[in-house]
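The structure appears right after this line, and notes come after that.
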Amino acid sequence: MTRSIIPFGPQHPVLPEPLHLKLTVEDETVVEAIPALGYVHRGLEGLAQRRDYHQMIYVVERVCGICSCIHAMCYCNAIEKLMGLEVPRRAKYLRVIWSELHRVHSHLLWLGLFADAFGFESLFMNLWKIRERVMDINEATAGNRVIVSTNIIGGVRRDISEDWLKQILKDITEIEQQLKPMFDVMTNDYTIKKRTVGKGVLSKELCHQLGAAGPTLRGSGWAQDVRQLKYEAFDELDFEPVVEYDGDCYSRNKVRFRETFQSLEIVRQAINRIPSGELAVKPKGNPDGEIAFRVEQPRGELFYYVKCNGGKNPERVRIRTPTFANIPPLLAMLPGAQLADVPVLALSIDPCISCTER
Amino acid sequence: MKFDLQKWINEGRLKSPWVVHFNCGSCNGCDIEILDCLTPVHDVERFGIINVGNPKQADVLLVSGTVNHRNKTALKNIYDQMQHPKAVIAIGSCGLSGGIFYDAYNVVGGVDKVIPVDVYVPGCPPKPEQIIDAVLVALGKLKASLEKSDEAPGQETAPAAGEQPAA
């Protein structure tokens with residue numbers, strides 16, 4: 001049988017991002033996949049030496065536009081721990097609200113793109129229509145739709161008024177009602193099941209060996225969620241990691257959809273329990289020492305290592321993003337797959353290339 | 001009246017411009033806003049704008065993000081594959097000048113360092129309304145260049161700005 005090499009990307013209709021895979025195929029079956037990275041590399045970590053540690057927040061927010069709030073939250077947490085700052089409770093709750101809203105819009109975005117990947121155009125349109133409500137909340141509360149820039153070192157930049165908290169409660173109830181029929185379609189539709197069930201199976205052991213993170217890991221039966229470490233206000237909020245056991249595209253899909261409902265529930269809890277009080281404490285001096293901090297991003301575990309030397313710039317900021325951890329599982333599930341399934345498989349790890357390459 | 005084939009083609013081009021999108025080192029912020037334009041709330045299809053995957057079929061190139069040393073050849077390739085007349089729209093602060101990453105080591109700068117740009121859309125990220133407006137402005141420029149090429153037949157519509165490949 002003759003082998004041929006087919007390039008997938010960097011400009012591909014299914015992905016908004018330049019992921020490049022060199023696929024070796026025998027007839028229609030993929031034999032080997034080699035990733036070629038670096039199309040989005042900007043040298044962002046190197047900027048840490050040129051920006052002071054306040055300016056660095058705005059740089060790390062632009063690691064990834066989809067989960068910008070969570071990147072900034074992780075970086076701020078690391079610096080706050082170094083400086084020994086006690087962030088006010090209200091600020092912690094506001095951070096939870098914005099970061100969970102980011103998770104909701106990120107998952108809805110992904111679910112829409114996933115529907116588009118197997119040609120379910122109307123589901124894509126419907127999910128993105130619902131997502132628009134979340135973007136409106138972001139714009140109304142933070143002033144920008146995508147990059148909200150609400151985190152500062154020591155707290156948050158702005159408050160959400162009582163009226164708006166009530167409005168958000170009303171909005172998320174409506175979003176939930178609109179999402180429920182979509183969940184039925186996603187989980188019961190014959191075509192979707194045909195395209196996802198049993199495709200790209202990762203066993204529980206393999207998933208752990210390859211170091212998968214986030215919904216990819218939870219789709220294979222591991223109940224691991226970094227939010228259980230109780231950072232920010234998660235110590236006062238009730239939630240359980242969402243787990244599915246089959247390890248195929250259908251499971252990962254289901255994990256993300258159920259997590260969307262879970263995040264909406266967390267926002268509701270946070271709004272009901274939010275205390276009043278200060279928004280931020282003022283940082284004094286410069287941080288000194290080194291620290292690692294991790295949070296749960298929509299795609300999995302996000303890890304920040306920050307080293308400061310008492311000067312006004314951080315000495316080193318190292319970022320490990322979940323997609324970087326999820327590329328080995330993707331390469332493990334591609335061999336043996338049909339060429340037509342490659343877009344579905346590639347999307348099932350929710351790749352965020354700008355995170356990975358920075 | 002004589003049937004003018006060229007005029008008929010030109011009208012068709014302006015009626016329904018097809019866009020191709022290339023992410024060129026963007027943080028996804030601009031990309032999701034571009035995709036947002038296609039969805040029911042903004043719905044660019046009412047202007048006849050369709051997002052296609054193939055640059056050979058497209059009239060308008062949407063570029064988001066900074067250009068870096070690796071993807072500048074990919075960007076140039078996509079631009080060269082597009083048929084004349086074509087318009088390029090640089091989206092977001094990064095596409096304009098490099099934005100917040102202007103002094104990072106792997107950043108060449110704005111999109112106009114590699115290919116000529118017709119419309120610049122500022123913002124980090126710009127709102128979908130701004131992007132739709134930019135496509136319509138680009139259409140105006142296309143129309144002007146088509147009329148110009150009609151007056152001087154036989155001449156291919158040349159790109160407006162000088163191409164300056166980055167070192």
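So that the names make sense, note that chain A is the first sequence line, chain B the second, and so on, each numbered from 1.
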Going by heavy atoms in the side chains, are B:D31 and B:L35 under 4.5 Å from each other?
no
Please classify the contact of A:E61 with chain B as side chain, backbone, both or neither, using a heavy-atom distance under 4.5 Å.
neither
Given a strict heavy-atom distance threshold of 4.5 Å, which part of A:H71 is in contact with chain B: side chain, backbone, both, or neither?
neither
Within the structure provided, determine whether A:I349 and A:P322 are in side-chain contact (heavy-atom separation under 4.5 Å).
no
Under 4.5 Å from a heavy atom of chain B, the part of A:L109 involved
side chain
Which of these, A:R133, A:K180, A:K170, sits in a side-chain contact (heavy atoms from CB on, under 4.5 Å) with A:I175?
A:R133
Heavy-atom pairs under 4.5 Å with chain B, option from A:C352, A:G65, A:G112 with the top count:
A:G65
Does A:F120, at its CZ atom, have more than 12 non-hydrogen atoms belonging to other residues, nucleotides or ligands within less than 6.0 Å?
yes
Applying a strict 4.5 Å limit to non-hydrogen atoms, the region of A:R62 in contact with chain B is both
Below 4.5 Å, heavy-atom pairs only: which of A:E45, A:E357, A:R131 has the largest tally toward chain B?
A:R131
Using a cut-off of under 4.5 Å for heavy-atom pairs, which of B:D43, B:V67, B:N51, B:V41 has the most such pairs with chain A?
B:V41
Is it the case that the ring center of B:Y105 lies less than 6.0 angstrom away from the ring center of A:H41?
yes
Contact class of B:D103 relative to chain A, heavy atoms under 4.5 angstrom:
both
Does a side-chain heavy-atom distance below 4.5 Å link A:N313 with A:Q49?
no
In a check of side-chain contact (heavy atoms from CB on, under 4.5 Å) between A:L127 and each of A:V185, A:L179, A:L113, which one passes?
A:L179
Applying a strict 4.5 Å limit to non-hydrogen atoms, the region of A:R42 in contact with chain B is both
Ion pair present between A:E132 and A:K129, side-chain N to carboxylate O less than 4.0 angstrom?
no
Do B:C30 and B:P126 come within less than 4.5 Å of each other through their side chains, counting heavy atoms only?
yes
Counting only non-hydrogen atoms closer than 4.5 Å, does A:V59 touch chain B with its backbone (N, CA, C, O), its side chain (CB onward), both, or neither?
both
Quick check for you: among B:G65, B:C124, B:G123, which has the greatest number of heavy-atom pairs under 4.5 Å with chain A?
B:C124
Given a strict heavy-atom distance threshold of 4.5 Å, which part of B:I34 is in contact with chain A: side chain, backbone, both, or neither?
neither
With a 4.5 angstrom heavy-atom cut-off, could you sort out which part of A:F124 is near chain B: side chain, backbone, both or neither?
side chain
Among B:C94, B:S64, B:G29, B:P40, which residue has the highest count of heavy-atom pairs closer than 4.5 Å to chain A?
B:P40
